[in-house]
J.: 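Quick one: structure below, then a few questions.
As the structure lists them, so they are numbered: ligands from 1, and atoms in each ligand from 1. Here the structure is a predicted model, which means the values were calculated and not measured. Numbers here are sequence positions counted from 1.
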Amino acid sequence: MSNDQGILVVISGPSGVGKGTVVDVLIKRLPQAVLSVSCTTRAPREGEKDGKSYFFISKQTFLKMIDEGGFLEYSNHFENYYGTPRFFVEQKLSEGRAVILEIDVDGAQRVREQFPSALLLMITPPSREELVRRLKMRGTEDEVLISKRLERADYEMSRSKFYDYTVINDDLDQTVATIIKIIENRRKAIK
Ligand code: 5GP
């Protein structure tokens, strides 16, 4: 949703494209922006903190939250659930904030169905080769999982035509500056 009280900004992109870093810098540079922390049933990776990267919850708790309507949207991939807690997003929108969701393409589609004026941004790598290099560099996953993530990446990027903007993440500063400009322009347009 975007109205004069708040704007919902969805950021998607293939695993390894650097979305996490882009979003971290974006939040620091755009004072009215706030990040929605998703819930997931996957195990934390090294360095990930509960409540910051994700809320790491059990499958049982996740299913209960689905039943209670606690998610704005959720997806299941690589046998794990990922979902956007509804309450936080609605509260921050009503406070006039720019709420950033870092979610996959399926989730983005469900957000658009509920909030037609949400701003959908797709982040892509400079090339597929660069994505392969970044995924391998991360070094936290084995070859099988890397190739599954690449398959998924191709699917995600094939959906970019449904997004409002595609931003190529070549240079971090430039990427964040472009996203800030897009958000500010949208806010001006809806005032
Ligand atoms: P990862 O396991 O690498 O952190 O995330 C895998 C995928 O799940 C990424 O594409 C990420 O954007 C997506 N994701 C993270 N949180 C959510 C969420 O709340 N909802 C949906 N639909 N996707 C999410």
J.: Need the ligand 1 atom indices (1-based, order shown) with element for anything under 4.0 Å from a heavy-atom of Arg42.
T.: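 Result: 1 (P), 2 (O), 4 (O).
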J.: Report the part of Gln109 in contact with ligand 1, treating N, CA, C, O as backbone and CB onward as side chain, heavy atoms under 4.0 Å; options are side chain, backbone, both, neither.
T.: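 None of Gln109 does.
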J.: Any carboxylate oxygen within less than 4.0 angstrom of a Lys/Arg side-chain nitrogen, looking at Glu130 and Arg134?
T.: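 Looking at Glu130 and Arg134, the cut-off is met.
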J.: At under 4.0 Å between heavy atoms, is it the side chain or the backbone of Phe78 that contacts ligand 1, or both, or neither?
T.: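 Answer for Phe78: neither.
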J.: Can you find an N or O of Gly13 that's nearer than 3.5 Å to an N or O of ligand 1?
T.: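 There is no such contact.
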J.: Assess, by modelled atom type and distance only, whether the side chains of Arg186 and Ser117 contain a donor and an acceptor separated by less than 3.5 Å.
T.: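 Absent: no donor and acceptor within the cut-off.
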J.: Counting only heavy atoms closer than 4.0 Å, does ligand 1 sit against the backbone of Arg152, its side chain, both, or neither?
T.: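 For Arg152, no heavy atom sits under 4.0 Å from ligand 1.
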J.: Have a look at ligand 1 and work out which part of Lys19, if any, has a heavy atom under 4.0 Å from it: side chain, backbone, both or neither.
T.: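 Within the 4.0 Å criterion, Lys19 contacts ligand 1 through side-chain atoms alone.
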J.: Under a heavy-atom criterion of less than 4.0 Å, does Tyr54 contact ligand 1?
T.: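 Per 4.0 Å heavy-atom rule, Tyr54 contacts ligand 1.
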J.: In this structure, are over 12 heavy atoms from other groups packed under 6.0 Å from Glu79 atom CD?
T.: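 No - once you tally the heavy atoms of other residues, nucleotides and ligands closer than 6.0 Å, there are 12 at most.
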J.: Taking a cutoff of less than 4.0 Å between a non-hydrogen atom of the residue and any ligand atom, is Thr84 in contact with ligand 1?
T.: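 Yes, Thr84 has heavy atoms under 4.0 Å from ligand 1.
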J.: Which atoms of ligand 1 have any heavy atom of His77 under 4.0 Å away?
T.: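 The atoms of ligand 1 under 4.0 Å from a heavy atom of His77 are 6 (C), 7 (C), 8 (O).
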J.: Do the side chains of Glu184 and Lys181 get close enough for a salt bridge, i.e. N-O under 4.0 angstrom?
T.: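 No salt bridge links Glu184 with Lys181.
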J.: Within a distance under 4.0 Å of any heavy atom of Gly107, pick out the atoms of ligand 1 and give their elements.
T.: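 Selected atoms, number and element: 22 (N).
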J.: Can you tell whether the side chains of Arg159 and Asp104 come within less than 4.0 Å, N to carboxylate O?
T.: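 Between Asp104 and Arg159 there is no salt bridge, as every charged N stays at least 4.0 Å from the carboxylate O atoms.
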J.: Is there a side-chain contact between Arg42 and Tyr54, using heavy atoms and a 4.5 Å cut-off?
T.: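 SC-SC contact between Arg42 and Tyr54 confirmed.
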J.: Taking the basic N atoms (NZ, or NE/NH1/NH2) and the acidic carboxylate oxygens, is any pair closer than 4.0 Å for Glu156 and Arg152?
T.: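 The answer is yes: the pair qualifies as a salt bridge.
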